[in-house]
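Written out below as structure tokens is the structure these notes cover.
Quick note: residue numbers are just sequence positions, from 1. All heavy atoms count here, side chains included; hydrogens, waters and symmetry mates do not.
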Amino acid sequence: MTKLRILTLLFPVFISSLAFAQKVQIQSPDQKINAAVFCQQNTDVGEWYIRASYNSNGKITEAIPRIALGLLRSDQDFSKSLKFLKAGKPVLINEEYSALYGKKSVCKNSANEVVISFENPSKAKFNIIIRAYNDGIAFRYEFPEKQGSFVVKDELTSYSIPSETTRWMEKWNTANEGLYTTMSNDKVLPGEWGYPALFNTSNKDCWFLLHESDVNRNYCGTKLNNATDSSKYKLTFPNPKDGRGLGESTPTITLPWKSPWRVVIMGALADIVESTLVNDISSPSLIKNKDWIKPGIASWNYWSSNHGTKDYKTVCEFADLAAEMNWPYTLLDWEWDVMSNGGNLEDAVKYIKSKGIKPLIWYNSGGPHTGVMATPRDRMLTHENRVEEFTKLKKMGFAGVKVDFFESEKQDMIKYYLDILEDAAQFEMMVYFHGCIVPRGWERTYPNLMTHEAVRGAEWYNNTADFTMPAPEHNATLPFTRNVVGPMDYTPVTFTNSQYPHITSYGHELALSVLFESGMQHMADRPEGYYALPDAARTFLKNVPNAWDDTKLLDGYPGKDVIIARRKGNDWYIGGVNAEQREKTKTVKFDFLPDGVKYKLTLIADGKHDKDFAMQYLVVDKTSSVNVKLLRRGGFAASLIPVQ
């Protein structure tokens with residue numbers, strides 16, 4: 001149920017006529033975050049920018065000194081000589097909505113909003129809509145006029161970031177499957193960078209994360225580019241070569257029009273990790289009846305056997321694994337259309353369903369935008385294809401589809417993503433994307449979208465030898481970066497090795513089941529990897545949820561270590577990993593627990609060596625704490641169940 005209240009405010013927006021002062025200022029409801037709008041020329045006409053600051057216990061940090069604004073449309077310029085007309089009456093956005101999976105089940109979209117109106121020299125109207133949230137700011141552009149179709153030649157939004165600000169960024173690639181680079185001062189590299197990008201101000205008081213949200217058919221995805229000036233990250237449209245050169249890299253818009261939201265999540269590090277802002281600011285669900293959408297855990301055979309789905313017996317073994325582990329799903333990955341060794345697709349589905357498990361199935365996105373020829377290639381490509389395929393899948397009993405290899409964020413590809421989601425919903429099919437875009441808030445609008453890959457995940461143990469060593473640091477970076485903005489199909493919790501080995505401990509791997517959030521969580525190890533676990537660890541994986549009611553960052557620093565607690569109902573689960581090459585002892589405090597309730601703690605931590613566990617069973621309450629030893633590259637997992 002969604003409740004939306006928009007109230008006129010009297011206090012959080014200030015309009016100034018003072019020279020050298022901001023023209024408009026808007027604050028978050030808790031007054032910690034401030035967005036001020038300035039004219040570069042200190043008049044009512046010129047180039048405009050936002051300055052974003054954060055108040056930490058009375059100490060104000062100028063986080064982003066300048067966010068340049070403006071668009072270049074095919075017919076005229078909306079950047080250089082914009083005349084300020086007015087700032088509308090401020091309003092309070094106050095909305096509550098429920099989420100089927102993610103960090104929280106009840107989310108709030110609460111912000112102060114102001115619409116600032118401009119016109120360019122030819123009197124064409126141009127608005128900037130700004131919101132200040134308790135965990136960040138967001139802004140978007142609007143052309144309010146009622147008719148016209150144009151190409152946006154360039155978006156001039158850019159973020160000026162002081163060089164001493166530390167940053168964690170991923171080099172742009174169409175699959176969004178890179179590692180994060182940590183940079184500051186003279187080590188800041190120029191280039192193209194993907195979302196999301198994490199920053200920490202030089203005084204360490206303010207963290208912020210740059211992203212975008214609510215991208216729809218009326219625009220394309222963007223990225224960050226500081227190739228021209230290393231201190232300025234300008235929003236940049238897709239490379240014309242993406243998607244094998246198909247589709248226009250500049251979007252065509254029809255008026256009236258609003259851009260996607262440009263999002264800056266801001267605050268303490270816990271504010272970043274716990275934020276749902278990317279979804280909060282997105283369009284509400286277009287799906288009325290959501291009873292058929294069921295988050296869950298799936299067994300997945302590709303990681304341990306790259307041709308696993310080609311083999312009927314392997315498919316059956318992974319169906320047995322799902323049944324044994326109380327996981328509701330198993331995925332049939334590529335090559336299901338050439339399955340042999342005792343059965344075909346129909347036989348496999350019959351076997352899977354006989355175990356009380358629901359099957360999921362893989363598709364190549366197909367089409368000339370990808371050179372990957374794996375079949376079936378084209379069954380998701382058009383509305384007619386999808387209707388035919390979803391009709392068959394629904395009749396056979398499939399619960400969802402995995403669609404792979406998109407390779408572009410151009411406007412035509414954004415349309416393709418959303419067309420798949422809408423057609424799938426008509427057949428009550430869940431969807432997840434691979435080789436794809438990083439989440440842009442679509443999980444709220446289309447809650448049948450369960451997860452995205454868009455991460456260098458465990459699959460990379462199959463791909464190259466150079467994932468083994470960076471994996472621990474990468475795993476301790478993702479909760480602060482990629483997984484902040486939406487579900488992440490890392491395909492975690494692998495104890496055995498595939499082509500290339502792990503250097504993470506068993507405790508580290510077990511922790512990933514809690515640390516990494518995904519509406520469809522694919523456990524990637526082979527059956528014997530799970531069957532060989534001691535009872536406590538195996539029971540933990542049978543019971544651990546993957547859709548949460550609340551999330552708390554307990555401790556951590558990007559790339560070094562992280563401890564996160566997540567709640568489902570009255571039960572809490574904790575995952576923690578150490579990325580560094582030295583042992584650590586962490587004190588875990590339980591002050592997030594409610595008053596007056598005792599919990600049975602099952603703690604599964606590193607033992608004497610990487611493949612060993614140490615168990616503890618304690619009764620704790622919110623006044624308790626426990627010291628946990630983490631091996632180098634180690635980790636731990638824990639459950640907290642109320643004592644009846």
Side-chain angles (χ1 to χ4, degrees), residues 296-325 327-367 370-381 385-405 420 424 427 429-435 450-451 453 458-459 461-463 489 491 494 496 498-499 520-531:
I297 295 177
S299 63
W300 184 52
N301 65 46
Y302 175 85
W303 185 83
S304 57
S305 175
N306 295 169
H307 302 279
T309 304
K310 195 174 182 178
D311 188 301
Y312 172 75
K313 289 186 170 56
T314 300
V315 170
C316 293
E317 289 170 4
F318 277 80
D320 292 342
L321 171 64
E324 170 64 25
M325 297 298 290
W327 301 337
Y329 301 106
T330 191
L331 171 66
L332 305 183
D333 215 294
W334 78 309
E335 297 183 320
W336 55 262
D337 54 338
V338 290
M339 194 185 303
S340 60
N341 194 24
N344 59 18
L345 177 66
E346 288 73 17
D347 299 318
V349 170
K350 184 177 179 181
Y351 185 86
I352 291 165
K353 290 165 67 177
S354 77
K355 296 290 179 176
I357 305 301
K358 294 179 181 177
L360 309 164
I361 191 166
W362 176 95
Y363 286 86
N364 188 337
S365 66
T370 175
V372 179
M373 302 309 292
T375 61
R377 255 184 69 83
D378 57 359
R379 301 189 196 179
M380 293 289 123
L381 199 56
N385 292 153
R386 292 188 292 271
V387 167
E388 181 179 355
E389 202 66 14
F390 288 145
T391 299
K392 291 179 192 171
L393 295 178
K394 182 75 173 173
K395 187 174 181 180
M396 291 177 74
F398 281 92
V401 295
K402 169 183 176 179
V403 189
D404 211 342
F405 306 123
I420 290 172
F427 290 85
M429 282 280 159
M430 296 181 288
V431 177
Y432 48 108
F433 295 129
H434 264 234
M450 307 309 290
T451 193
E453 185 185 27
E459 179 186 22
Y461 285 113
N462 283 306
N463 296 348
D489 196 30
T491 62
T494 52
T496 66
S498 56
Q499 277 84 330
M520 194 67 73
Q521 186 80 285
H522 291 81
M523 299 297 189
D525 207 350
R526 46 181 58 81
E528 52 267 36
Y530 297 115
Y531 296 152

Is a donor from one side chain sitting under 3.5 angstrom from an acceptor on the other, for T309 and D333? no
For V431 versus A424, what's the shortest heavy-atom pair and its separation? CG2-CB, 3.4 Å
Any side-chain donor near an acceptor of the partner, T314 and N301, under 3.5 Å: no
Between H522 and Y432, is the side chain to side chain contact (heavy atoms under 4.5 Å, CB included) condition met? List the steps. CA-CA 11 Å; H522 291 81; Y432 48 108; 2.9 Å; yes
So which heavy atom on L360 is nearest to which on A298, and how close? CD1-CB, 4.1 Å
Quickly, which of K402, M520, M523 forms a side-chain contact (heavy atoms from CB on, under 4.5 Å) with W300? Name it, please. K402
Verdict with reasoning, F433 to D489, per side chain to side chain contact (heavy atoms under 4.5 Å, CB included): CA-CA 9 Å; F433 295 129; D489 196 30; over 6 Å; no
What's the spacing between D525 CG and S299 OG if we round to 0.5 Å? 11.5 Å
As a quick check of understanding, evaluate side chain to side chain contact (heavy atoms under 4.5 Å, CB included) for N463 and E459, giving each step before the final call. CA-CA 7 Å; N463 296 348; E459 179 186 22; 4.2 Å; yes
Spacing of R386 atom CZ and T391 atom OG1 [to the nearest 0.5 Å]: 12.5 Å
Ignoring hydrogens and geometry, is there a side-chain-to-backbone donor-acceptor pair from W303 to A458 under 3.5 Å? yes
Tell me, please, which residues at least two apart from K394 pass salt bridge (Lys or Arg N to Asp or Glu O under 4.0 Å). E428
Nearest-0.5 Å distance that lies between atom OH in Y312 and atom CG in N344: 9.0 Å
For A524 versus T494, what's the shortest heavy-atom pair and its separation? CB-CG2, 3.6 Å
Run the side chain to side chain contact (heavy atoms under 4.5 Å, CB included) check on S304 and T496 step by step: do they pass? CA-CA 9 Å; S304 57; T496 66; 5.8 Å; no
Atom CG of N306 and atom CH2 of W334: how far apart are they, to the nearest 0.5 Å? 8.0 Å
Going from CG on D311 to CZ on F318, what distance comes out if it is rounded to the nearest 0.5 angstrom? 10.5 Å
Taking the side chain as C-beta and beyond, is there a heavy-atom pair between F398 and K353 under 4.5 Å? no
I'd like to know if the side chain of N364 and the backbone of V372 have a donor-acceptor N/O pair within less than 3.5 Å. yes
Measuring only between side-chain heavy atoms, which start at C-beta, is E324 closer than 4.5 Å to Y531? yes
Between D320 and Y351: side-chain donor-acceptor atoms closer than 3.5 Å: yes
Heavy-atom distance under 4.5 Å between the side chains of M396 and L345, does that happen here? yes
CG of L332 to CD1 of I352, rounded to nearest 0.5 Å, is 4.5 Å
Which atom names give the shortest non-hydrogen contact between K313 and N341, and what distance separates them? NZ-O, 3.3 Å
Flag the pair W327 / L321 as yes when at least one side-chain heavy-atom distance between them is below 4.5 Å, and no otherwise. yes
Count the heavy atoms of every other residue, nucleotide or ligand shown that sit under 6.0 Å from NZ of K350, and state whether that count exceeds 12. no
What is the minimum heavy-atom distance between T370 and S365, and which atoms define it? CG2-OG, 4.1 Å
Search all heavy atoms of G296 against all heavy atoms of Y329 and return the closest pair with its distance. CA-CE1, 3.9 Å
Pairing residues for W336 by the ring-ring contact (aromatic ring centres under 6.0 Å, His included) criterion, not counting sequence neighbours: Y363
